[in-house]
Amino acid sequence: MRDLYNFIDSQHVPARSGQWLDDRAPATDAVIARIARSGAEDVNDAVAAAKRAAPAWARTSTAERADLCDAIADVLDKRLDDLADLESRDAGKTITQARTIDIPRAVRNFRFFAGAVRHDETGCHEMSDALNYTLRRPIGVVGLITPWNLPLYLLTWKAAPALATGNTVVCKPSELTPMTASALAEIIREAGAPPGVFNLVHGLGGEAGQALVEHPDVRAISFTGGTATGARVGAAAGSRYKKLSLELGGKNSTLVFADADFEMAVAGAVRAGFTNTGQVCLCGSRVLVERSIAKRFTEAFVARVAALRMGDPSDPTTEVGALISSAHREKVERYVSLARAEGGTIACGGTRPDLGARFANGNFLAPIVVTGLASTARTATEEIFGPVVTVHEFDTDDEAVTMANGVDYGLAASVWTTNLKRAHHVAAALEVGMVWVNDWLKRDLRVPFGGIKASGVGREGGRHSLEFFSELKNVCIAL
Ligand code: NAD
C-alpha cells in the first residue's frame with residue numbers, strides 16, 4: 001500500500017484538501033495505493049511551478065533537452081522490470097504485455113523524440129527582396145491528460161515531445177492507473193530535469209482534469225480518452241483559445257477478404273480484438289468477413305478466442321488479463337445482454353471465470369465473440385472498450401467499406417487481403433486516420449497518429465507532435 005502524492009516543483013506534496021482516493025488492483029480488487037485527490041488549488045500550484053520554470057527551460061538548447069530525454073529513456077530502460085510489474089498490477093494487464101509493449105514503448109518514446117528534435121528542421125523561404133525564416137518556439141505550460149488503458153505508454157507519448165520542444169508540463173494521469181505516472185515523475189527528476197519542468201497532479205477528471213483544462217496559464221491541452229469526455233475538454237479548451245489535441249474512442253473494423261492468408265488473418269483478428277483485454281482504442285472490435293469464407297473463418301476465430309488463456313496477469317503465460325474496474329466489467333456485461341436482445345448469438349465467452357480464491361473479486365470476463373448481428377446494431381457500432389468482437393458478413397468490397405464506415409468513429413482499420421489493388425482501393429476508401437494491411441498495431445513513431453469523426457481532432461507522432469507542442473514564428477527580413 002503506497003501513498004501517491006502530487007509532484008510539484010520536484011516535491012511530493014499531498015492534496016491541499018488532505019483528501020485521498022483509493023487505487024485498486026483490477027485482478028484482485030485490493031486497494032494497492034491511495035492517490036492525492038487534487039482540486040483547483042493543487043492544479044494552481046502545479047501550473048504556477050511550471051510557469052516559473054518555463055522561461056529557463058525554453059532557453060535551454062535543443063541538445064540539452066534531447067540529452068535529458070535520452071537520460072530519461074536510460075532510467076526507464078534500467079527499471080523496465082519494476083515498471084512492468086507496477087503497470088501490470090495497477091492496470092490488470094498481463095505482465096508479458098507490460099514487458100514487451102507498454103514499458104519498451106515508453107523508453108522508445110523518449111529516445112524517439114530526443115532524436116526528432118536533434119534532427120528537426122524549420123523552413124527558409126527566399127523572395128527576390130526578402131528572406132523568411134521560421135523559428136520553432138515552445139508554447140509554455142502544457143497540460144497532458146491520459147487514460148488508464150496504456151498508462152505510461154501514452155503519458156510518455158505526450159511528455160517526451162512536450163519536454164523536448166521546450167515546454168513545461170502539468171499532467172493528470174487516470175485516477176485508475178496512477179502508479180507509473182508517479183514513477184515517471186521520480187525518473188524525470190533522477191535524470192536531471194530542473195524543478196517545475198515536469199509536474200504531476202493526481203485526482204478525478206471532473207476535478208483536477210477540468211481545472212487543468214480551464215487554467216488560463218495552460219496554453220495547450222493534449223487529451224487522450226473517451227469521446228464524451230473529449231467533447232467536454234474541447235468545449236472548455238476551445239473557448240479559451242488553447243491548442244488542442246483530442247485522441248478519442250474508436251470502433252474499428254477488421255476487414256477479412258476471401259483472398260487473405262487465412263491463418264494470418266485469423267491470428268491478426270484475434271490479436272486486434274483482444275490485446276489488453278480489448279481495451280485499446282485501436283482494437284478491431286468488429287470483424288467484417290467475406291461471405292464465401294465466413295463460416296470457416298468464424299469457426300477458426302471463435303476456437304482461437306475461446307482458447308485464450310485468461311488468469312493471473314503476473315503469470316507470463318497469461319494472454320488475457322482483467323478489465324480495469326468492476327464498473328467497467330458491468331458495462332461490458334450490459335453490452336453482452338444488449339447483443340442478445342438485438343438478436344445476436346454469443347459464440348463464446350461472456351461469463352465470469354472461476355480463477356480461484358485469490359482472483360474471486362477480480363474483474364475478469366471470458367472473451368466474447370458475437371455473431372448474427374446487423375452491422376448497424378448498437379453492439380456493433382458503439383465503443384464497448386472490452387473483450388467483445390462482433391462478426392459480420394459481406395459480399396463485395398463496396399459493401400465491406402460501407403459497413404466499416406457506418407459508425408460514428410473514424411480511428412483505425414485493418415485489411416486482410418493478398419490482392420494489392422484491393423488493398424489500395426479499400427485503404428483509400430475507409431474513413432479512418434490509420435489503416436493496416438495484413439497487420440495490426442505496427443507502429444513507426446514518425447507516422448501521423450489520430451482519428452477523424454468522433455475519434456478526435458489532430459494528429460500526434462513524429463513531426464506532428466513537434467508541430468502540436470510548439471508555435472512556429474516566421475521572421476521576414478527585407479533585403
Ligand atoms: P476518460 O475520458 O474517462 O478519461 C481520460 C482522462 O480524462 C482521465 O485522466 C480522466 O480523469 C480525465 N477526465 C475525465 N473527465 C474530465 C474532464 N471533465 N476534464 C478533464 N479531464 C477529464 O477515458 P478512459 O476511460 O480513461 O479511457 C478510455 C477511452 O480512451 C476509450 O474511449 C478509448 O478509446 C480512449 N483512448 C483513445 C486513444 C487514442 O489514441 N485515440 C488511446 C487510448 C484510449
Side-chain angles (χ1 to χ4, degrees), residues 21 23 26 35 37-40 43 90-91 93 101-102 105 109 143-158 170-178 181 200-215 218 221-238 240 242 244-252 275-285 323-325 327-329 331-332 382-386 407-412 432-434 441 443 447-461 464-465:
L21 293 164
D23 174 31
I35 62 171
R37 179 174 178 169
S38 309
V43 169
D90 207 15
K93 66 177 66 211
I101 300 179
D102 291 64
R105 175 58 189 278
N109 285 340
L144 313 180
I145 301 177
T146 47
W148 47 261
N149 64 325
L150 297 164
L152 191 65
Y153 175 126
L154 287 173
L155 178 55
T156 53
W157 178 236
K158 298 178 188 302
V170 178
C171 65
K172 208 304 279 173
S174 171
E175 58 276 22
L176 300 177
T177 51
L200 161 64
V201 178
H202 285 298
L204 297 172
E207 297 173 0
Q210 188 79 28
L212 183 59
V213 175
E214 291 177 356
H215 199 294
V218 175
I221 293 287
S222 175
F223 171 86
T224 298
T227 292
T229 318
R232 278 198 292 281
V233 168
R240 291 169 175 82
K242 296 182 189 223
L244 181 64
S245 169
L246 296 175
E247 301 284 356
L248 309 179
K251 186 76 176 181
N252 313 296
T275 293
N276 207 39
T277 321
Q279 302 169 121
V280 180
C281 56
L282 303 164
C283 271
S285 49
L323 288 160
I324 188 66
S325 65
H328 190 49
R329 178 169 67 173
K331 173 187 155 182
V332 176
E382 296 177 9
E383 187 186 49
I384 302 173
F385 213 59
V407 292
D408 291 340
Y409 297 97
L411 191 57
V432 293
M434 295 163 278
L441 202 61
R443 293 281 290 117
V447 309
F449 182 99
I452 60 174
K453 296 159 69 177
S455 292
V457 177
R459 294 291 180 275
E460 296 188 350
H464 308 279
S465 294

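Indexing begins at 1, ligand by ligand and atom by atom, following the structure's order.
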Q | No-hydrogen, no-angle side-chain donor-acceptor test under 3.5 Å, Thr224 and Lys158 | A |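 Yes.
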Q | For ligand 1, the portion of Val233 having any non-hydrogen atom under 4.0 Å away | A | side chain
For the 3.5 Å polar cut-off, considering only N or O atoms, please tell me whether [X] and ligand 1 meet it.
{"X": "Gly205", "result": "yes"}
{"X": "Gly226", "result": "yes"}
{"X": "Lys172", "result": "yes"}

Q | atom 4 (O) of ligand 1 protein-contacted, heavy-atom criterion under 4.0 angstrom | A | no
Contacting atoms of ligand 1, where contact means under 4.0 angstrom from a heavy atom of [X]:
{"X": "Ser174", "answer": "9 (O)"}
{"X": "Pro147", "answer": "24 (P), 26 (O), 27 (O), 43 (C), 44 (C)"}
{"X": "Gly209", "answer": "19 (N), 20 (C), 21 (N)"}
{"X": "Glu175", "answer": "10 (C), 11 (O)"}
{"X": "Pro173", "answer": "9 (O)"}
{"X": "Ile145", "answer": "6 (C), 7 (O), 9 (O), 12 (C), 20 (C), 21 (N)"}
{"X": "Phe449", "answer": "40 (O)"}
{"X": "Trp148", "answer": "24 (P), 25 (O), 26 (O), 27 (O)"}

Taking [atom] as the reference point, the nearest protein heavy atom with its distance:
{"atom": "atom 8 (C) of ligand 1", "result": "Thr146 O, 3.3 Å"}
{"atom": "atom 35 (C) of ligand 1", "result": "Gly225 O, 3.2 Å"}
{"atom": "atom 32 (O) of ligand 1", "result": "Glu383 OE1, 2.6 Å"}
{"atom": "atom 28 (C) of ligand 1", "result": "Phe385 CE2, 3.6 Å"}
{"atom": "atom 42 (C) of ligand 1", "result": "Cys281 SG, 3.0 Å"}
{"atom": "atom 41 (N) of ligand 1", "result": "Leu248 O, 2.7 Å"}
{"atom": "atom 18 (N) of ligand 1", "result": "Gln210 OE1, 2.7 Å"}

Between [X] (side chain) and [Y] (backbone), is there a donor-acceptor pair under 3.5 Å?
{"X": "Ser174", "Y": "Leu176", "result": "yes"}
{"X": "Thr177", "Y": "Ala91", "result": "no"}
{"X": "Glu460", "Y": "Trp157", "result": "no"}
{"X": "Glu383", "Y": "Lys251", "result": "no"}
{"X": "Lys453", "Y": "Val407", "result": "yes"}
{"X": "Ser38", "Y": "His202", "result": "yes"}
{"X": "Asn252", "Y": "Cys281", "result": "yes"}
{"X": "Arg459", "Y": "Ser465", "result": "no"}
{"X": "Ser455", "Y": "Gly410", "result": "yes"}

Q: Closest by any non-hydrogen atom to atom 2 (O) of ligand 1: pick that one out of Asn149, Thr229, Thr177.
A: Thr229
Q: Could you pull out all residues at least two apart from Glu214 that satisfy salt bridge (Lys or Arg N to Asp or Glu O under 4.0 Å)?
A: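 If we apply the salt bridge (Lys or Arg N to Asp or Glu O under 4.0 Å) test to Glu214, skipping adjacent residues, there are no hits.
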(Q) Under 4.0 Å, counting heavy atoms only: does Gly451 come that close to any atom of ligand 1? (A)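 No, that is not the case, since the closest heavy atom of the residue is not under 4.0 Å from the ligand.
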Q. Does Leu154 come within less than 4.0 Å of ligand 1, judged by its heavy atoms?
A.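 It does, in that a heavy atom of Leu154 comes within the 4.0 Å cut-off of ligand 1.
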Q. Which pair of heavy atoms, one from Thr156 and one from Leu152, lies closest together, and at what distance?
A. OG1-O, 2.7 Å
Q. What are the two closest non-hydrogen atoms of Val213 and Ala236, and how far apart are they?
A.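 In this case the closest contact between Val213 and Ala236 is CG1-CB, 3.7 Å.
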(Q) If I take atom CD1 from residue Ile101 and atom CG from residue Asn276, how far apart are they, to the nearest 0.5 angstrom? (A) 8.0 Å
